[in-house]
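Below is one structure, written out as C-alpha cells; the observations come after it.
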Amino acid sequence: MNYWLVKSEPSVWSWDQQVGKGAKGEAWTGVRNYTARQNLVAMKKGDLAFYYHSNEGKEIVGIAEIIKEAYPDPTDKTGKFVCVDIKAHKAFKTPVTLAAIKVDKTLSEMALVKQSRLSVQPVTPEEWKYVCKLGGV
DNA sequence: GCCAACGTTGGC
DNA sequence: GCCAACGTTGGC
C-alpha cells in the first residue's frame, strides 16, 4: 500500500464535488507535469491519497482512494499524460492546514512543503499516520 | 495582485 | 546538451 497526496483548487474541483460522485469516483485529469505523471503511474488500485485544497483553504480535507490505475488522460491531446480514477474515501473531522504542517517538526519535511508546486506527491507511512491523527480519522 | 520557485521550450 | 527566456503554480 502506497500513500499519496493530490492537490485540487476548490474552484475547479472540490472535495464536496468529489464526495458527490460517490463510489463511482471521478477521473483525476489535467496533470501536465512529468514528475506528477510518474507518481500517477506508480499508483495502485486501493492506494490512498490525501486530498489537498490549494489556493482556497490550503488544507488537507480528506482521503481519497485510487479505484483505477493510470490510463491515458482523455483531456490531453498530445497523448503523453495519464490520469487515474479516485473516489472520496473519508472526510477529515478537522482539516489539516498548510500552516499547521509547516510548523510541525514531524511534517515539515513533507513534499507539500518542500515541493509546493508538485500536484501529485508521495507521502511516507509515518507522515500518513500522523496527519490522519491530526485530521481526527 | 505580486512574486518566488520551478518546469518547459527553443535557439544555438 | 546547455541555458536563457518564458509560462505556470500557489502561498502570501
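Here is how names work: the chains are called A, B, and so on, in the same order as the sequence lines, proteins then strands, and each is numbered from 1.
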Pick base, sugar-phosphate or nothing for L118(A), based on heavy-atom distances below 4.0 Å to the nucleic acid. nothing
Which of these, W15(A), W4(A), W128(A), Y3(A), sits in a ring-ring contact (aromatic ring centres under 6.0 Å, His included) with F50(A)? W128(A)
Measuring from M43(A):CE to I86(A):CD1, what's the distance to the nearest 0.5 Å? 8.0 Å
If you measure only the distance, is there a donor-acceptor pair under 3.5 Å linking the side chains of R117(A) and S54(A)? no
Where is the tightest heavy-atom contact between V12(A) and Q17(A), given as atom of each residue plus distance? O-OE1, 4.0 Å
Under 4.0 Å between any heavy atoms, over every strand shown, what does N55(A) touch: base, sugar-phosphate, or nothing? Just pick one. base
Using the heavy-atom set of chain A and a strict 4.0 Å cut-off, write down the first and last nucleotide of DNA chain B that makes it in, 5' to 3'. dA5(B) to dT8(B)
Measure centre to centre between the rings of Y51(A) and W28(A), then say whether the value is under 6.0 Å. yes
